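Worksheet: one structure, shown below.
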Number of protein chains: 2
Amino acid sequence: MLASASVSYSPCGPSALTVQPMAVLRPRPVFFHASDTEIYAQGEKSGSLYRIEYGAVRIYRLLTDGRRQVVAFHMQGETFGFEAYGFRSFYAEAIVPTGLTPVEAEGSEPHRSDLMALALRSMIRAQEHLLVVGRQSALEKLAVFLLDLDHQQGDDGIIDLPMTRTDIGDYLGMTIETVSRSMSKLREKGIVRLKNTRCIEILRRDKLQAISE
Amino acid sequence: MLASASVSYSPCGPSALTVQPMAVLRPRPVFFHASDTEIYAQGEKSGSLYRIEYGAVRIYRLLTDGRRQVVAFHMQGETFGFEAYGFRSFYAEAIVPTGLTPVEAEGSEPHRSDLMALALRSMIRAQEHLLVVGRQSALEKLAVFLLDLDHQQGDDGIIDLPMTRTDIGDYLGMTIETVSRSMSKLREKGIVRLKNTRCIEILRRDKLQAISE
DNA sequence: CGGCTAATTGATAGCGTTCAAAGCAAGTGG
DNA sequence: CCACTTGCTTTGAACGCTATCAATTAGCCG
């Protein structure tokens with residue numbers, strides 16, 4: 001499916017709809033994915049990389065009993081879809097209505113070295129995520145998560161959460177209830193304010209950073 | 001420091017010393033690192049990659065309060081040291097007496113694409129590790145760890161553990177006591193046998209795999 | 001407004017951590 | 001050769017954080 005113009009849900013903005021100019025400016029076709037639809041599945045033959053024009057994507061893996069680990073969230077402007085063995089090692093799904101443009105893995109020498117840099121940053125990010133998931137408490141994890149997300153969105157202290165609490169829990173290695181309780185704790189301490197469940201304002205960045213270590 | 005021939009400690013073998021031919025066959029110098037010595041430190045300017053001729057290496061990161069997350073163990077034949085931002089994001093230390101040869105990041109086109117493949121596999125490995133650390137119980141974690149290590153060492157059911165229990169705990173996101181208790185549980189169930197603390201024999205691979213999911 | 005899903009809150013239980021002590025293996029020096 | 005030291009590992013007991021189960025509440029869309 002192709003979209004010549006696009007729309008994104010932003011629970012933080014004054015309006016619910018924002019037109020994204022990227023789609024019309026790019027020469028490449030933009031493929032549209034509705035919320036909670038699969039972009040690729042674990043085990044599939046590897047395809048191309050994707051650049052996110054608008055929207056958000058979750059990358060995850062499942063255990064046989066249904067336990068899920070979200071290994072990454074990708075937002076507007078990011079490129080994802082690296083694979084190592086000729087097949088997809090993870091699932092990718094759109095979290096909200098999302099527009100994607102395929103990126104060829106082949107190309108000129110500078111293009112390839114860009115890809116190498118991207119792959120390396122993905123690796124470092126995964127390894128840093130390990131530290132959070134493996135060695136931090138629930139409150140610390142959530143603090144790190146909120147600061148990361150705020151940073152991705154321009155460090156303005158207004159965080160738009162496109163993902164559910166379940167997604168956050170599966171990303172941080174904790175249950176939805178613990179995510180919720182930790183969020184309430186940050187609210188009760190006056191560190192954040194919830195404009196609504198999907199939009200959070202950081203009131204005391206210093207305290208949030210102190211908690212995150 | 002250079003070594004023209006090398007020796008490795010193998011608590012599993014009949015002899016305590018095994019000569020590794022790699023060092024003398026390779027044209028490149030082999031740099032020697034004693035146990036628990038630093039290969040590079042977090043924050044350092046990025047240097048070359050290293051190939052392990054013999055020995056073992058841990059890659060880790062620290063929190064300010066001393067909590068540590070080991071993100072990877074690397075064994076003989078593996079290449080490590082990928083970095084993304086011009087500086088080292090992690091610490092690397094020799095776990096046992098270790099011989100390393102530097103690998104140039106530059107080179108011919110096929111060489112570079114080999115490096116890309118290596119980097120991508122490291123990324124997948126880190127992301128798979130997330131699933132273990134984030135979503136599995138202590139016993140499951142240890143089962144996965146032992147099966148992984150056995151696979152790295154030839155799937156013969158005899159596992160040589162060059163690292164301490166502290167290393168294992170920091171790798172799996174649990175305390176040394178829980179590692180020890182989980183190991184005892186596997187022993188009591190007749191799934192593994194401890195020839196000594198650093199050498200483990202898998203008696204019931206089927207049960208170990210069932211536990212690991 | 002009703003019906004649905006997501007999120008919050010509460011009560012309880014269990015797993016893993018923490019603190020503490022004892023066991024074990026290897027190395028040192030008398 | 002054996003007592004002693006040292007560092008690592010194992011085991012024990014108690015606590016606490018997070019998961020689990022359950023009940024509301026909030027938010028969204030018709």
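The chains referred to below are lettered A, B, ... by the order of the sequence lines, with proteins before strands, and numbering in each begins at 1. Only heavy atoms go into these numbers, but all of them, side chains included; no hydrogens, no water, no symmetry mates. What you see is a predicted model; the values in this text were computed from it and never measured.
- Side-chain atoms of A/Y60 and A/E93 form a donor-acceptor pair, as typed in the model, at a separation below 3.5 Å.
- Within 4.0 Å (heavy atoms only), A/M174 reaches sugar-phosphate atoms of the nucleic acid but no base atom.
- Side-chain N/O atoms of B/E53 and B/T101 include a donor and acceptor closer than 3.5 Å.
- B/R61 is linked by a side-chain hydrogen bond (donor to acceptor under 3.5 Å, both in side chains) to A/E128, counting only residues two or more places apart in sequence or in another chain.
- For the pair A/I59 and A/Y91, the minimum side-chain heavy-atom distance is 4.5 Å or more.
- Relative to the axis of its first five pairs, the axis of the last five pairs of the helix from C/dC1-D/dG30 to C/dG30-D/dC1 sits at 30°, rounded to 10 degrees.
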| field | Steps toward side chain to side chain contact (heavy atoms under 4.5 Å, CB included) verdict (B/C199, B/I158) | value | CA-CA 7 Å; B/C199 181; B/I158 308 288; 4.0 Å; yes
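- Note on A/R187: every side-chain N or O is 4.0 Å or more away from OP1 and OP2 of C/dA7.
- A salt bridge is absent between A/E188 and A/R181: the closest approach of a Lys/Arg side-chain nitrogen to an acidic carboxylate oxygen does not fall below 4.0 angstrom.
- Looking at A/R193 and A/E201, a side-chain N of the basic residue comes within less than 4.0 Å of a carboxylate O on the acidic one, giving a salt bridge.
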For nucleotides 19-24 of chain C, which of its nitrogen or oxygen atoms have a protein nitrogen or oxygen under 3.5 Å away, and what is each distance?
unit_1	atom_1	unit_2	atom_2	d
C/dC19	N4	B/E177	OE2	3.0

Name the pairs: protein N/O against N/O of nucleotides 4-8 of chain D, kept only if under 3.5 Å.
none

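- Using a 4.0 Å cut-off between a side-chain N of Lys or Arg and a carboxylate O of Asp or Glu, B/D170 and B/R58 do not qualify as a salt bridge.
- Contacts between residues 133-146 of chain B and DNA chain D, defined by a heavy-atom separation under 4.0 Å, are absent.
- Distances shorter than 4.0 Å separate some side-chain N or O of B/S184 from OP1 or OP2 on D/dT11.
- Residues satisfying the salt bridge (charged side-chain N to carboxylate O under 4.0 Å, His left out) test with A/E177, not counting sequence neighbours, are none.
- The pair A/E213-A/R135 does not count as a salt bridge, with every side-chain nitrogen at least 4.0 angstrom from each carboxylate oxygen.
- One finds no salt bridge joining A/R88 and A/E44 here, because no Lys/Arg side-chain nitrogen approaches an Asp/Glu carboxylate oxygen to under 4.0 Å.
- The aromatic rings of A/H74 and A/F80 lie parallel to each other, their planes meeting at an angle below 30°, with 60° marking the opposite boundary.
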